Amino acid sequence: MKQTNRIHTKKELVHPESTHEEKMLRDIFLHQISDMVFIMKVEPGPKFRYVFVNQKGLDHANLKEEHIGCLMEEVLPEETAAHLNIYYQQVLETNETVIFTDYIQVNENENRMFESRLTGINDQNAISYIVGITRDVTDLIETRQKYQSLVDHNMDTIFSVNKNGRIVSANPASMKMIGYTEEELINRSIYELIDKSGVREIFRVMSNTLSGEPQETNDCTFINKYGVKLYAQLKTVPIEINGEIQGIYVIIRDTTEQWRTNEKMNYMAMHDHLTGLWNRPALLEHLQAEITKSMIKEQEFAIFYIDLDRFKYFNDTLGHQAGDELLKQTSDRLLTLNVPYYRVYRLGGDEFVIIMPRTKKKEADRVAGNILALFHEPFNIYDQDYYLTPSIGISLFPEDGIDAESLIKNADSALIQVKEKGKGHYRFYRTEMSEAFPNYILMESHLRKAIEKNEFIMHYQPQVNLLDGNIKSFEALIRWNNRIFGFVSPAQFIPLAEETGLIISIGEWVINTVCEQLSIWRKKGFEDIRVAINISPKQLLDPNLPSAIKKALLFYNLPPSSIEIEVTEGAMEDTKNALTMLKRLKDIGLVISVDDFGTGYSSLNYLKKFPIDIIKIDQSFVKEIQVNEKDAAITKTIINLAHNLGMEVIAEGVEESDQVQFLISAQCLKAQGFYFSRPVSADEIEKNVLCV
């Protein structure tokens, strides 16, 4: 290691014939400092004679006081003297300070590094004395090496920049990240490496750092030598020397891959993996934004809820691969509408939603016609043409709702009306679809006559075995088609039936209708079918319920195991009476299931006490199991709990293939939901499910 600095000394610092005062000052100065000091007189040859050595110097060189006045080669080992002679002669040749380092063994187990600085003292334009200062730099060098190693081997880019933002030094990682060589980086402004959009933010960071405050920002984009954007996390630390900030250390972590991964995850979280369309979470987010914007601008917009007619039959007949191809082609067609600023979403299965901004009813009517027209041409699947039609339900903002949930629900209500009245066309939502009656008094009046007028209909939703695809069980769901007001939502009339006590007679009608249907299916050879009947809290307290079920089973010659009694957690809040009733039902031989599991307050307690065979996971957990870690964890826990207790488990509300795959991996045996089938009539079950 060599470093040179020119020194101009006008006055001779040391002379053998110094005055008493000079000698005293010299002794105080030279003996008190911690460095080793050697003053050598230059003699012809050249040779170098010791004229002064402080005590630390004597100890370091193994010299004694009597060696003062001797030549270097007279008192030092020959090899050491020759080594030092080279540096002393170099001072004479260059007239510059010479710096060199040596490793010296100080004891049997330790070598230490010493740095020596040789400076010539001029006398009449010639160097007559050479002052040597030697110090132990072992600890300092090790510290420097540790620091340099930290910088050189750091995987993050580290720049040292001056107050003006120009790069003073750069570690190897910086060259790998930015692509420039060290020569190209040194003295370049760091702002030249930053994307223009981020210069202001980095200038703020640098300014705050020069004020003594370390900074950090995740909003930083660099441009490498090849013009590629690099997303980075940036930290800055002030370089402070003797209390003054001289520059800044800029530490840059390349987060490009992380950014790309996050972008990919965000894309996957907001897009349907099959079609590439926006998905349900995206719909809810965008719909809320559209509501806010439309409220501010006082504009209207439309929601189109689209369902493909007979898609399940098509899917089951030709296979899921053909079904997926049909969904992709449908997506492509929906993206070709000749209208501005609309977005298309796939909610799962064959359900699509379109948001049409700045659209009034008249325009929505025209767009619905255009959507139907997209399906006039056949779909070519594997060189074969197939014709399908869509059913469309439409809701308008703000007329049909001012929140996302209401708009989606009401568009779906309109869609259901289309499906139930011929399919292949569209309907706008009307208030009477969800509020069929002006008041509860009128509804009660019609409800009391619903059975005798044969207005109730039973629909059945399949429960699919996820292991083999077999369907051997169904949930029975009652529907009311009033002769005047049309279809009435169960969410409306069931609470009223509970309140008025009509639920008992309606419940008996359901039990008898289900048993009759099971009898019909058994006579047609479908003997191993089980149907779940929902029992309300009031029914569960009816002491005549077991006898009513027994009577129906006997009349239709059915085994008790063909009937499943489905109760909610809320129905078991009256623990004593509920336990008594469930034991009576269990004694008959019926299967007992708990609906909406996980939404109550005493789940574990009643699992211990009640004779339960099946747990049904509430759809609120299933809905977001792909994106919500908590819902996924709860769902897995419920499944494991059911298995450990020897119970069957069924997942409700399954709407997407990703949910199916998750449930299969979690070892859930059965599932039901729109992904497989909506609740449909017994004829459709017989035609499309039992015949398969």
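Every heavy atom of this structure was used, including side-chain atoms; hydrogens, water molecules and symmetry mates were not. Note that the structure is predicted; figures quoted are calculated from it, not measured.
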Leu308 vs Leu327, test: side-chain contact (heavy atoms from CB on, under 4.5 Å). Steps then yes/no. CA-CA 9 Å; Leu308 302 182; Leu327 292 172; 4.1 Å; yes
Would you please test Gln463 and Ser473 for side chain to side chain donor-acceptor pair (under 3.5 Å) and show each step? CA-CA 5 Å; Gln463 297 173 339; Ser473 59; 2.8 Å; yes
Are Phe487 and Trp480 near enough that their ring centres are under 6.0 Å apart?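 No, the ring centres sit 6.0 Å or more apart.
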Centres of the Phe397 and Phe301 rings: under 6.0 Å?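 They qualify: ring centres under 6.0 Å apart.
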To the nearest 0.5 Å, how far apart are [atom1] in [X] and [atom2] in [Y]?
X	Y	atom1	atom2	result
Ile471	Asn688	CD1	CG	10.0 Å
Ser677	His459	OG	NE2	10.5 Å
Asn279	Glu656	CG	CD	6.5 Å
Asp613	Leu590	CG	CG	9.5 Å
Leu579	Lys609	CG	NZ	8.0 Å
Leu585	Thr580	CG	OG1	11.0 Å

With Phe493, the side-chain contact (heavy atoms from CB on, under 4.5 Å) member among Val488, Ile503, Leu502: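 With Phe493 as partner, Val488, Ile503, Leu502 yield a single side-chain contact (heavy atoms from CB on, under 4.5 Å), made by Val488.
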For residues 634-644, dump all side-chain donor-acceptor pairs below 3.5 Å to protein atoms at least two apart in sequence or in another chain.
from: Thr635; atom 1: OG1; to: Asp631; atom 2: O; distance (Å): 2.8
from: Thr637; atom 1: OG1; to: Ala633; atom 2: O; distance (Å): 2.7
from: Asn640; atom 1: ND2; to: Lys636; atom 2: O; distance (Å): 3.2
from: His643; atom 1: NE2; to: Gln667; atom 2: O; distance (Å): 3.1
from: Asn644; atom 1: ND2; to: Asn640; atom 2: O; distance (Å): 3.1

Validation row: [X], [Y] side chains within 4.5 angstrom (heavy atoms):
X	Y	answer
Leu466	Leu669	no
Val353	Leu347	yes
Val567	Ile565	yes
Ile563	Arg530	no
Ile478	Thr513	no
Ile592	Ile614	no
Ile291	Leu407	yes
Ile354	Ile303	no

Of the non-hydrogen atoms in [X] and [Y], which two are nearest, and what is the gap between them?
X	Y	answer
Asp309	Gly424	OD2-N, 2.9 Å
Gly653	Val622	O-CG1, 4.2 Å
Leu318	Tyr386	CD1-CZ, 3.4 Å
Leu277	Ser331	CD1-OG, 3.4 Å
His446	Glu455	O-OE1, 4.4 Å
Leu334	Leu374	CA-CD1, 4.0 Å

Go through Phe314 and Leu388 one step at a time and tell me if the side-chain contact (heavy atoms from CB on, under 4.5 Å) criterion holds. CA-CA 9 Å; Phe314 178 96; Leu388 275 88; 4.0 Å; yes
Audit row: Glu475, Lys616, salt bridge (charged side-chain N to carboxylate O under 4.0 Å, His left out) steps and yes/no: CA-CA 11 Å; Glu475 180 180 359; Lys616 300 190 73 175; 3.1 Å; yes
Report the C-alpha separation of Asn534 and Thr568 in whole Å, then their side-chain angles, then the decisive distance to 0.1 Å, and conclude whether the side-chain contact (heavy atoms from CB on, under 4.5 Å) test is met. CA-CA 8 Å; Asn534 288 281; Thr568 63; 5.9 Å; no
Residues [X], [Y]: salt bridge by 4.0 Å N-O rule:
X	Y	value
Glu290	Lys293	yes
Lys687	Glu684	no
Glu564	Lys586	no
Arg280	Asp272	no

Assign the ring pair Phe379 / Phe375 to parallel, tilted or perpendicular, where the plane angle (0 to 90°) is split at 30° and 60°.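 Ring orientation, 0 to 90° scale: tilted.
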For residues 515-522, dump all side-chain donor-acceptor pairs below 3.5 Å to protein atoms at least two apart in sequence or in another chain.
from: Trp521; atom 1: NE1; to: Glu686; atom 2: OE1; distance (Å): 3.3
from: Arg522; atom 1: NH1; to: Glu527; atom 2: O; distance (Å): 2.6

Distance under 6.0 Å and angle within 45° of the ring axis: does Lys312 meet both against Phe676?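 That pair does not qualify as a cation-pi contact.
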Under 6.0 Å from the six-membered ring centre of Trp278 and within 45° of its axis: does the NZ or CZ of Arg346 meet both?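 The answer is no; the distance or angle limit is not met.
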Taking only residues two or more places apart in sequence or in another chain, which ones pass ring pair (Phe, Tyr, Trp, His ring centres under 6.0 Å) with Phe555?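 Phe555: no ring pair (Phe, Tyr, Trp, His ring centres under 6.0 Å) contacts found.
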Would you give me the side-chain donor-acceptor pairs under 3.5 Å for residues 538-548, sequence neighbours excluded?
from: Lys538; atom 1: NZ; to: Glu498; atom 2: O; distance (Å): 2.9
from: Gln539; atom 1: OE1; to: Ser536; atom 2: N; distance (Å): 3.0
from: Gln539; atom 1: OE1; to: Ser536; atom 2: OG; distance (Å): 3.4
from: Asp542; atom 1: OD1; to: Asn544; atom 2: N; distance (Å): 3.2
from: Ser547; atom 1: OG; to: Asn544; atom 2: O; distance (Å): 2.8

Under the side chain to side chain donor-acceptor pair (under 3.5 Å) rule, what do Asp403 and Ser406 come out as? Steps first, then yes or no, please. CA-CA 6 Å; Asp403 61 85; Ser406 297; 2.9 Å; yes
Checking Met458 against Arg479 for the side-chain contact (heavy atoms from CB on, under 4.5 Å) test, could you report, in this order, the C-alpha distance in whole Å, the side-chain angles of both residues, the deciding distance, and whether it holds? CA-CA 6 Å; Met458 288 309 301; Arg479 297 293 184 258; over 6 Å; no
side-chain hydrogen bond (donor to acceptor under 3.5 Å, both in side chains) partners of Glu351, counting only residues at least two apart: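 side-chain hydrogen bond (donor to acceptor under 3.5 Å, both in side chains) list for Glu351, sorted by chain: Tyr305, Arg678.
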More than 12 foreign heavy atoms under 6.0 Å from [atom1] of [X]: is that the case here?
X	atom1	answer
Met268	CE	no
Ile402	CD1	no
Asn557	CG	no
Glu452	CD	yes

Hey, mind stepping through Tyr345 and His286 against ring pair (Phe, Tyr, Trp, His ring centres under 6.0 Å) and telling me if it holds? CA-CA 10 Å; Tyr345 305 80; His286 296 167; 5.7 Å; yes
With Asp528, which residues qualify under salt bridge (charged side-chain N to carboxylate O under 4.0 Å, His left out), at least two apart?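 Listed in chain order: Lys472.
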